[in-house]
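A short write-up of the structure that comes next.
The shown structure was predicted, so the numbers you read here are calculated from the model rather than taken from an experiment. In the text below, chain A, chain B and the rest are named by the order of the sequence lines, each starting its count at 1.
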2 protein chains.
Amino acid sequence: MKELKQRSTCPISTSLDVLGDKWTLLIVRDLVFAGKSTYGQFLQSEEKMATNILADRLAVLEAQGIITKAVAADKKSKFTYRLTDKGVDIVPLLVELTLWGAKHCPTIANPRLLEELQAGKDAAVEKYQRLAREQALA
Amino acid sequence: MKELKQRSTCPISTSLDVLGDKWTLLIVRDLVFAGKSTYGQFLQSEEKMATNILADRLAVLEAQGIITKAVAADKKSKFTYRLTDKGVDIVPLLVELTLWGAKHCPTIANPRLLEELQAGKDAAVEKYQRLAREQALA
DNA sequence: ATGTTTACTTGTAAATTGCAAGTGAAATAA
DNA sequence: TTATTTCACTTGCAATTTACAAGTAAACAT
């Protein structure tokens, strides 16, 4: 069981103890917005995360109750990672990260998602949370 | 000028290139919620960040146009750090981090702020953004 | 003139990351 | 049945980053 040290009792600091690095939230992003769910799919992302880092972060996310790991329906040699309720609650954070990055950093990707978010933040949050929950049941 | 490498064109990834670590957002937190503005004040925070890390992160935040650095009104040997508009736009992110941490991680701190956020997220965001803007003018 | 405050910088050990290669179980192909 | 490929990791090691302790330099206070 991967355990993390809590630096203080501040909720922001505590959240960053878990989510505050360059990779963890990209995995959650792939689960929420890209519909990905397997180790191999996460590896294929544009940012090319190292295999050991991915394995480590998946273990942390599972230990923290943010994702679950289950044998895939089709193959026994494959695992399916899904968001728990705790994980689904990260969606609003991803939305804010997206809006901030889109507004303030030079970037060109995913104009469709961006338009959707800018048109209605709360509606988009609910939509992707619902999608993630549905996938978790399947 | 501190420069960062952009890993992809995804806005989430790009935001994490700047904000994705354990310390940067704690500085922004101190600027927004604790009314702090000097190197010495940031050092005094509960989480005890190392002096070289603090100096590095302040330089990055300034280079990225998230904070400004100015000689303090009272002493020439002191500097005052304030949020720019780009920095003020991080407030919604901090609010989401707070709510997530408070809901899902064992923590006890700052019940007053927490109640305020849970009572009305948007109102609280606007309030702290206004406060930060006012301080930047003073 | 002397000591203190403020904002850093420097040196070094420890921890983390990034890269390349390797492992082993399960699925598929011959 | 055997061989090959797929999939999900693990391992080893160099490079980068972090943490800790100490030191520096300009401004300010006495």
| message | With a 4.0 Å cutoff (strictly under), does any side-chain N or O of A:Arg57 reach OP1 or OP2 of C:dT17? | response | yes
| task | Return the nearest nucleotide to the side chain of A:Tyr39; candidates are D:dT6, D:dC9, C:dT6. | result | D:dC9
| field | Interatomic distance, A:Asp56 CG vs D:dC9 C1' [rounded to whole Å] | value | 12 Å
| Side chain proximity check, A:Val88 to A:Thr84, heavy atoms < 4.5 angstrom | no
| task | Check the distance between D:dA21's C1' and B:Leu43's CG and give it to me in whole angstrom. | result | 14 Å
| said: Just N and O in the side chain of B:Trp23: are any of them under 4.0 Å from OP1 or OP2 of D:dA19? | reply: yes
| Do A:Asp17 and A:Arg7 meet the salt-bridge criterion of a basic N to acidic O distance under 4.0 Å? | yes
| field | Distance in angstrom units between B:Ile53 CD1 and C:dT16 P, rounded | value | 13 Å
| Among D:dC20, D:dA27, C:dA21, which is the nearest nucleotide to the side chain of A:Thr51? | C:dA21
| said: Measure CG/A:Leu54 against P/D:dC9 and give the value in whole Å, please. | reply: 8 Å
| request: Under 4.0 Å between any heavy atoms, over every strand shown, what does A:Tyr81 touch: base, sugar-phosphate, or nothing? Just pick one. | output: sugar-phosphate
| task | Indicate whether any N or O donor in one side chain lies under 3.5 Å from an N or O acceptor in the other, for B:Ser13 and A:Lys22. | result | no
| Side-chain N or O of B:Lys78 less than 4.0 angstrom from OP1 or OP2 on C:dA7? | no
| query | A:Phe33 vs A:Tyr128 aromatic rings, parallel, tilted or perpendicular, using cut-offs 30° and 60°? | reply | perpendicular
| request: Between A:Asn52 and A:Ser77, just flag the one whose closest nucleotide in DNA chain C comes earlier from the 5' side. | output: A:Asn52
| query | So, is A:Lys75 close to the D:dT6 phosphate, meaning a side-chain N or O under 4.0 Å from OP1 or OP2? | reply | no
| query | Nearest-Å distance, NZ (A:Lys36) to C1' (D:dA8)? | reply | 16 Å
| said: Could you check whether the side chain of B:Thr38 and the base of C:dT6 have a donor-acceptor pair of N or O atoms closer than 3.5 Å, going by distance alone? | reply: no
| First of B:Gln41 and A:Lys5 reached from the 5' end of DNA chain C, by closest nucleotide | B:Gln41
| Nucleotide C:dC8, atom P - distance to CE of B:Met49 in whole Å | 13 Å
| message | Whole angstroms only, please: what is the CG-P distance between B:Asp21 and D:dT16? | response | 19 Å
| Just checking B:Lys69: base, sugar-phosphate only, or nothing, at a heavy-atom cut-off of under 4.0 Å? | sugar-phosphate
| Heavy-atom side-chain contact between A:Thr80 and A:Arg82 under 4.5 Å | yes
| task | Mind calculating the distance between CG (B:Asp74) and C1' (D:dA29) to the nearest angstrom? | result | 14 Å
| query | OP1, OP2 of D:dA19 versus side-chain N and O of A:Arg7: anything below 4.0 Å? | reply | no
